[in-house]
Each structure stands twice: as C-alpha cells, then as structure tokens.
Undergrad: 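Quick one: structure below, then a few questions.
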Protein chains: 2
Amino acid sequence: MCLPGCQETVARRLMARRRFLKSAGAAVGLAMAGCRPAPTSEPQAAAGQTTFSRVVDLTHPLGVDFPSFSGEPFMEIEVLARFEDGGVNMKRWHLTEHYGTHMDAPFHFSDQITADEIPVENLVLPLAVVDIRAKAAENPDAQVTPDDLRAWEAEHGPLPDRACVAMNSGWDQKMTGDGFRNADTDGVLHFPGFHVEAAQFLLEERNVLALAVDTLSLDHGPSPDFATHYAWLPTNRWGMECVANLSAVPATGATIVAGGPKIVGATGGPSRVLALV
Amino acid sequence: MCLPGCQETVARRLMARRRFLKSAGAAVGLAMAGCRPAPTSEPQAAAGQTTFSRVVDLTHPLGVDFPSFSGEPFMEIEVLARFEDGGVNMKRWHLTEHYGTHMDAPFHFSDQITADEIPVENLVLPLAVVDIRAKAAENPDAQVTPDDLRAWEAEHGPLPDRACVAMNSGWDQKMTGDGFRNADTDGVLHFPGFHVEAAQFLLEERNVLALAVDTLSLDHGPSPDFATHYAWLPTNRWGMECVANLSAVPATGATIVAGGPKIVGATGGPSRVLALV
C-alpha cells in the first residue's frame, strides 16, 4: 500500500492502527518471536537446482495513469532530451516508491531492512499461486485465509520451502476505470488481500519468505489497521503489490524473480517481477 | 551513458556526433540493414531448458553519491513519511533514468522501442563475460574489440545464441573516489567500453541481443560520437551499464536476468540485474 501526500489518510489510518497495536501488539510480538526469521546474512541456496524454459512477465506497464493507493498522482515524467532535437532521448522520474507493480520492503512498516538490504537469494523464490478469483468475484473484500492455504496444500502438496505465496484474485484485469481501487462513496477501498491470520499461519507454520498480491495492498481494501503489513514486514520478509498475470503461471512449480530496487534506503519501489516457468 | 542537465556537454558531444553520422551514417545504416533484427513480437523461448542453483547480484547499491556520467547529481530522495512519526516509512525519488546499474533502451539513442516495450523473453539471456581486466589495468581507454570476442570463442566456444555479451573491465571495483568516471583535466572521461567494430561484429556475425558493461557507457570514456550506442540501440537491442560483480560469474554458462524498468516510455533506467548460475 502507499500513502504519499495523503497525510490525512495517513493520520486517520494510523490512529486506527495505534488502537489496533495497543490491543494486538503483544500478540503480534509473540507471533513474531515464535516465527522463523527470514535469512538476512549469507546466501542460502535452495537445495538442488531450478529449471525453467519460459519467462512470464508479472509486471504491469507503469504509466502516470496507473491507479495509486490514495488516488492521487504518484508519478511525473520530465523530458530532459529529445532524439529529434539532439539525437538522445532522456527523462527524469518523480516517483513515489509505492506505485505500480512494487515491492514493500520490511522498512516500509518497521525499522527493519530496506529494499537494497534484502539478500539477493531471497528475491528468487518458488512461487505458489493461491487462486481466490471465484470468491473475489462474489465479494471484493475477500481475503486469503488459512483455510485457503490448507485447501491449496490439499490440492498441490506442501507449500514449497522458502516460497513466495501469491494471491490471484483476478484484480489485474481491472486496470482500466475505477475498479482497481474500487472506492465507495466514503472513500473506503474494496479489493482482496491476505487476512492477518493467513500471514500468521505462514509465519508460524510454514517457511515462506514473501507475499504477493494482484491488488494495491497486502491487506484487503477496507483494512483499518494494515494488520497483515504489520505482521509480515517487521519479520524482514518482503511483499509485492499490483502483480500482473498470475493466471498465466501454474499454481506451483514456477520461480518468481522479484527485481526490487537496489536504491539505498528504499522502503520499496517499482520492481520488475518475472516468473520463470 | 547519461547526460541530464548537462546541456553543454550534450551540445558539444552531439555536434561531434553529427559530424560522425554524416560520414559514418551510411555505413551504420548498411550494417543495420544487414544484421539480424532483435525479436520484438511473440515469445521465442530458447531451445531446451535453463538450470541454475545460485543467484549473483550484478547490481550496485544506488545512493545519491553514485557517480553519474556528467558528474552532476542524478538523484534526490525525498522523505514523505517516517516510521517513528506515524508507523510508516515512505519516500519519493527524483531520478534521472541513466543512473546506477541501468538499462539503455533502444529509444535512448533512436526512435525505436522503449524499455517497457522490450519483449520479456529478451530480458533473460545466456550471459557471456569477456574479461579485459588485464588490458584495462594498462589502459583506462581500453575497448572490447572483435579480436577479444574471437579470443573468447577460441577459449569458450561459440557465443551462445541470443546472448548478452558483458565486458568485465574490473571497473566495478572503482566505485569510491573519482576513479569510476576518471575525468582528466579537460573533463574527458577515461574508462573502457565496447569498440564499435565489436558491436558491428556481434550484429552481423553472431546472434547477440544485448551488451553489458561495468562502466558508465557502452562506448569507452573518451568517445566523441557514441558510435557503439548508435550502432547497437537502433537495432532494438538493449544495453546495461554500471553492472557489478561480473568477476563472480563464469565466462559462460550463467543466465542474466535484466530487470529493466517497465515504466511507459522509459529510455532506460535503474534495473535490478541478477545472474542465475
């Protein structure tokens, strides 16, 4: 999710967040203490080798009309030089980090590591795609629950070690018009995300290193407290939002390459995300 | 290479370029007409499968002190929100495209495709690393020549089909101080690059889709005309500059993943570049 410029939204949501943390903070802390920490030191190669034969682009094209979390413009493009004038095209981007297909680094919602500090071997992971398109079509506020994850495992086997678990809600098909943000008359957004209990299940019961969603936020649109962000990111795990084309990759067996920014101190940012299938 | 803000440099260099193009334009045109066009349409999977067991980061960390082609600041980072104030960290980047480990899209030096239009299968390619560290240590203006490429093939076999050919000059070890730009008292830069004849050899005699360098430019530092840029990019092939860690990957057998920006209309930009080994 992403909030630049929308200080009022930030303030409103963070007041709600603080209330949440006061009541749930201890529980979240306990959950974090009990979960496996994400490796942040030396390379830890997955056992064996990875094989692929084709590449699928999981990245949306990012233009200035891409929907932003707050609805405000998040990017301006300045033309510095034109080929027809001098033989060179060159531009300058003015860009809020959390825009387009983009990473949430742990530092986005904590004082943990920034995007450039994520170990490179944690950017290339087995990809597990959880398809909730049917229930998301019925309810735009649908969430991935522990039951969805258990159902996935019943069909496909255990979630891979060191996996990225991605939610396919079908939301990547709503890029035109207002359906992607899907704001109601009160300005509350309505799109799917991961329920905090699903995040906690993955933290405590499985060895999962990343979450990806095809919507604007790891939390579903009406979340008042970003509970999933606050459960997930402070454990030095990353998230990826606004992912595209998850319907074009298998539920299991693909590898995600999360080309996150290596900009020093980044809280996240536009990323080139590929699947190796 | 990258020139924002340095209009005088642009003007001076482009006058030289125009002189070059007047004399060499026909020859470049002929070379382009005779070379294999880079695929730009449907996926063209490499025959067979690719296998890897570890990931090497070919990307430099990009801070505001990273050397720029012109020597001017190319990036500012604006802090929009702080975790200690409101529970969220968020920033906005003001960033000239050709900075850090970054892509040159064909559109940078032509009216051809932009970074977002490069077919995704052309971003994951067999990597051939040409080691010219010995001669670059003797001469900072060293260039990769056709003889270097033939010597590589004599040792390692034919350049792989659809390869990215990377120059390892050892320049990634010069990131601190002024050695990376290595400007003389007249402001002329001195670092290695690809000789235009090497680019033409690869265009005409081999099926190579990309060039990568560990310096600021596909052309060596003192180039008056960007001859290699103008030979290479208008054929819808891409380049990658300021690549890191090429000494950590084998001369042949690795796969480069060029996580170039998918920003609409980009002439290139900071990229997350990995090697799968």
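Owing to the predicted nature of the structure, the values given are computational and were not obtained by experimental measurement.
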Undergrad: CD of Gln49(A) to OG1 of Thr50(B): how many Å apart, nearest 0.5 Å?
TA: 11.5 Å
Undergrad: Could you tell me whether the side chain of Leu95(B) reaches within less than 4.5 Å of the side chain of Arg92(A), counting heavy atoms only?
TA: no
Undergrad: Under the 3.5 angstrom rule, does the side chain of Asn89(B) hit a backbone N or O of Thr267(A) as a donor-acceptor pair?
TA: no
Undergrad: What's the separation between atom CG in Leu80(B) and atom NE2 in His98(A), rounded to the nearest 0.5 Å?
TA: 9.5 Å
Undergrad: Heavy-atom distance under 4.5 Å between the side chains of Asp57(A) and Leu123(B), does that happen here?
TA: no
Undergrad: Counting only non-hydrogen atoms closer than 4.5 Å, does Leu276(B) touch chain A with its backbone (N, CA, C, O), its side chain (CB onward), both, or neither?
TA: side chain
Undergrad: Of all the heavy-atom pairs spanning Pro61(A) and Val264(B), show the shortest one and how long it is.
TA: CB-CG2, 4.0 Å
Undergrad: Pick one of side chain, backbone, both or neither for Glu78(B), based on which atoms fall under 4.5 Å of a heavy atom in chain A.
TA: neither
Undergrad: Could you tell me whether the side chain of Phe52(A) reaches within less than 4.5 Å of the side chain of Phe52(B), counting heavy atoms only?
TA: yes
Undergrad: Might you point out which heavy atoms bring Gly260(A) and Arg272(B) nearest each other, and give the distance in Å?
TA: O-NH1, 3.0 Å
Undergrad: Which value, rounded to the nearest 0.5 Å, describes the distance between Met90(B) atom CE and Phe107(A) atom CZ?
TA: 11.5 Å
Undergrad: Do Met75(B) and Ile263(A) come close enough that some side-chain heavy atom pair is under 4.5 Å?
TA: yes
Undergrad: Taking all atoms of both residues into account, what is the closest heavy-atom pair of Trp93(B) and Pro261(A), and its distance?
TA: CH2-CB, 3.7 Å
Undergrad: Testing Leu58(B), Thr59(B), Val55(B), Asn245(B) for side chain to side chain contact (heavy atoms under 4.5 Å, CB included) with Val120(A), which one passes?
TA: Val55(B)
Undergrad: Which pair of heavy atoms, one from Gly87(A) and one from Tyr230(B), lies closest together, and at what distance?
TA: O-OH, 2.6 Å
Undergrad: Is any side-chain heavy atom of Leu274(A) closer than 4.5 Å to one of Val257(B)?
TA: yes
Undergrad: Sort out for me which of Ser110(A), Ala105(A), Gly265(A) touches chain B most, counting heavy-atom pairs under 4.5 Å.
TA: Ser110(A)
Undergrad: Between His229(A) and Val88(B), is there a side-chain heavy-atom distance shorter than 4.5 Å?
TA: no
Undergrad: Any sub-3.5 Å donor-acceptor pair from Lys262(A)'s side-chain atoms to Thr101(B)'s backbone N or O?
TA: no
Undergrad: What is the minimum heavy-atom distance between Gly48(B) and Ser53(A), and which atoms define it?
TA: O-CB, 3.9 Å
Undergrad: Please confirm whether the backbone N or O of Lys91(B) pairs with a side-chain atom of Glu97(A), one donor and one acceptor, at under 3.5 Å?
TA: yes
